[in-house]
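Remarks on the structure that follows.
The analysis underlying the following values was restricted to heavy atoms, covering all of them including side chains, and did not include hydrogens, waters or symmetry mates. Proteins get letters first, then strands, A, B, ... in listed order; numbering begins at 1 in each.
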Amino acid sequence: MARQIPDKPTLDGIEARVGAVWEADHVYRFDRTATRDQVYSIDTPPPTVSGSLHIGHVFSYTHTDTIARYQRMQGKKVFYPMGWDDNGLPTERRVQNYYGVTCDPSVPYDPSFTPPFAGDVPKDFRDRPAISRKNFIELCHTLTTEDEKVFEALWRRLGLSVDWSLMYTTIGRGSQRISQRAFLRNLEAGVAYPTEAPTLWDVDFRSAVAQAELVDKEMPGAYHAIAFHRTDGNGDVVIETTRPELIAACVALVAHPDDPKYQSLFGTAVRTPLYGVEVPILAHELADPEKGSGIAMICTFGDLTDVIWWRELKLPTRAIIGRDGCILATPPEAVDADGAYAAIVGKSSKQAQKIVVTQLQESGELLGEPRSITHPVKFFEKGDRPLEIVTSRQWFIRTVDNRDTLLARGTEMTWHPSYMKSRFDDWVKGLNGDWCISRQRFFGVPFPLWYAVDANGETNYAVVLLPDSDSLPIDPQSDVPAGYTEAQRGQPGGFIGDPDVMDTWATSSLTPQIVGRWGDNDDLWARMYPMDLRPQGHDIIRTWLFSTVVRANAEFGVTPWRNAAMSGWILDPDRKKMSKSVGNVVVPTDLLDEHGSDAVRYWAASARPGVDTALDPGQMKIGRKLAVKLLNASRFALGIGDKDISAQMISAPIDQALVGRLATVVTEATAAFEAYDYARALERTESFFWSFCDDYLELVKGRAYGNEKYSADETASAQATLQLALNTMLRLFAPFLSFVTDEVWSWWRDGSVHTQPWPTAAELSAGNGADDLVLVVASETLGAVRKAKTEAKVSIKAAVAFVVVHETTERAAALRRAAVDVADAGMISTLTINEANPPETITVDVTLAEIAS
RNA sequence: GGGCGAUUGGCUCAGUUGGUAGAGCACCGCCUUCACACGGCGGGGGUCACAGGUUCGAGUCCUGUAUCGCCCACCA
């Protein structure tokens, strides 16, 4: 039953009250009988649980929610899940810092382990206990479970219309099973492959990282001019390098093939300083004659260019940096272990550089003083030290070979806003290697396979032992391949599990498969895939969006979604990006407490799609004002007359004009939503609503109340228009002001406004052919009367003796059709409407009653 | 170096087929309580970054420049 209209409507407590009804009535539950064409499916981004949700999350998830609510009202069965990204390094980091522990896979499992520190974690890592892999993973699960409860509570309070029964986590068993299944199928299809190759390596995390996880940081460095000695005795060749510590890893010098300075040197050789290793001078187009001395040393490996040169010029490998970032104890074969090299063994590259520079100064091979510069250096986006490039065995998924296909996939989805597509195109075109998906970490999805160990106890990577597909997910560290026993683990003739876990994006790239339970629930899968919408931030186009396209293309040969909608970032009032390190992060619950959920939703939905937006509490105040206004206007419109007056009673020209104008708003808002421009839909609706309140409501108030000067039909016309307009506006506002609209709906009708049909112009046929000019001129005339009262400093309710209007013929005719309403609203005793002559002399002369008397 | 976006009143931003510049906030003035003081009404305030061009007419289209932001790059 519909509730009574409260005397004093309020927003207080509305989130809890309305939210409880949504939950009890399963308003947002996905209909699993719907066929694919009836479904609107959303590939919700799973927020990372390692931190806290900030206002940027609230911002972008609200955008998605407005689309979901619109589609639901359009009659779609909305598939709108929520997931938590609790997989991977961010969680490991949080657990390490939260509990004050470190993970050491060699430590045995302790079933009775409890975290030793309660909120008082020692700063020094040496005071933190090392615990087993299994204990560590248990802590990861414990902490993420707690974090996820807090996240869900916030989303519910914000009013996201997700179906919570579809919740998933990226480290959950279902996600692991699907990640492993997808990987094994990629392996079988040749899409995934292992290789021993130079890989970007974070020396602190001791893990490979992917191209997509790189960031450049401007770092101080110095050019060192260093002399290499020609083997023919004809003097030196001078190169400039920022990394002199890598001279021992030098395998060649390289210059541009057209560079006249070095034409005569190509094909000759030099000896490296300090070590005297002979290296050739080669030509390659990537060498830049303008940079440094125009000739560079190639090391294995100083940067990604070195890798290209090494590969294309087929150079030997002389690695000197280990996985810990320190100089290897054993030098490359060509380098004498007892010479200059001995001094740098075990040093970090930074320490080694100091030593080598001193050595070069003593030997006279360093020319002049190092020249300080600032240059970009590659970092892992979450790392603290520059990346090194080390050779290791890693798993890859093919991307570069499929470049053209991937670009085509990008054109098969609609981008919102459209210019964001160029970021995808740029990224695909710029790929310089396949996607490295293995990480040397712990809390992630393990690679589901083992290797045979030969009779000598050496791992034979050529013999891969695969699990049965029904057994997934498996952990090769604790599960045993078929035909073996646990006792054979690591033994000669036995087996050993792949030690690595998958990159977090290797799982995240499967979110459509995870939410649709691909391979586990074929019925559900067929009802939601390919999906309708991928909403996400524009900063992760190169990671999440790209990798999801790669997996969909590899497995299904399709584009995973029809639409990709990019949200902008939230900037603080100084237009800086919100970030924890800057300390300018605003806690969302504070904003929700202060302004209310609808107000925060209003602020978020006011921002144009894809546009970075400043946090603006002022905009939230407007949203709250709007919500309060909606409560009060609704109370007025519903508080008079019967509750269900037929739209057929709408007969007054000004009423018809109002309805006609609303039909235009409905058409525009619908078109805007179809184009994923929720902000425009809101703006149109809001703009109409304010003029509805300020002008129309005032103009018809007397008639709606049924003052004696009006006939019953005239009063019914006004009441019917108020109700029709309110009914329509509540539905137009429902995607944005989701709580207050449902509250008002409950005063009037059963059920939720959120399951009502989206309004159409056809419902508003009472406005067909209406003359909008009636409403325009009536509003303007009322405005002129108000202005006269303001200038006379009298109350807006002050009586007016005479108003004489001179209007053009057309406008005068329009005004006559609303003359009684205008006179009533303006407290006008006598309203005279004349034709303006000439037409330019439109005037409204107002004579106040107190002056007339 | 390449690409994408932005530049409109003090602030945050609209302005979708080119037709005499808009909103909210802030500011100024007025009005209280019969939907709303978590209110209402009215007002002042902008040569639409700059320079050219197309057009009867340009915030809107074209070219160039500047500033800011972001993305990408083979940064020795």
Ranking B:U12, B:C30, B:C75 by distance to the side chain of A:A614, first place goes to B:U12
message = Students often get this wrong, so: under 4.0 angstrom with heavy atoms, is A:K378 touching a base, only sugar-phosphate, or nothing?
response = base
When you compare B:U60 with B:U17, how far apart are their P atoms, in angstrom units rounded to a whole number? 14 Å
Of the candidates B:A76, B:G42, B:C41, the side chain of A:H375 sits closest to B:A76
Considering only heavy side-chain atoms of A:K8, the closest of B:C72, B:A37, B:G5 is B:A37
Looking only at B:G29, B:G15, B:C25, the nucleotide nearest the A:R608 side chain is B:G15
TODO: Measure from the ring center of A:F692 to the ring center of A:F636 and say whether it is less than 6.0 Å.
DONE: no
Closest to the side chain of A:S795, out of B:A76, B:C31, B:G42, is B:C31
| request: Using the C1' atom as the reference point in each nucleotide, state the distance between B:C56 and B:C30 in Å, no decimals. | output: 45 Å
_Aromatic contact between A:W435 and A:F546, with the criterion being ring centroids under 6.0 Å apart: yes or no?_
no
Considering only heavy side-chain atoms of A:S422, the closest of B:A76, B:G3, B:A73 is B:G3
Discussion item. Give me the distance, rounded to whole Å, that separates B:A21 from B:G15 when you measure between the C1' atoms they each carry.
Written reply: 9 Å
Separation between the P atoms of B:C36 and B:G69, rounded to whole Å: 50 Å
Q. Is there a donor on the side chain of A:K625 or the base of B:C38 sitting less than 3.5 Å from an acceptor on the other?
A. no
- Query: Ring centroid separation for A:F59 and A:W603, is it under 6.0 angstrom?
  - Reply: yes
Winner on side-chain proximity to A:T790, out of B:C34, B:G42, B:G2, is B:G42
**Message:** Can you see whether A:W747 has A:R635 sitting over its ring - NZ or CZ less than 6.0 Å from the centre and within 45° of the normal?
**Reply:** no
Side-chain contact check for A:D616: nearest option of B:C34, B:U12, B:G3 is B:U12
Contact class for A:D306 vs. all strands (heavy atom < 4.0 Å): base, sugar-phosphate, or nothing?
nothing
In whole Å, measure the gap between the C1' atoms of B:G46 and B:A23 for me.
14 Å
For B:G22 versus B:G42, give the span between their P atoms, rounded off to a whole number of Å.
15 Å
task = Describe, in one word, how the ring planes of A:H284 and A:W309 are oriented to each other, choosing from parallel (under 30°), tilted (30 to 60°) and perpendicular (over 60°).
result = perpendicular
With a 4.0 Å cutoff (strictly under), does any side-chain N or O of A:R423 reach OP1 or OP2 of B:G3?
no
Query - Pairwise C1' distance for B:A73 and B:G3, with rounding to whole Å - result: 10 Å
Next on the checklist: In whole Å, measure the gap between the C1' atoms of B:C4 and B:A76 for me.
Outcome noted: 29 Å
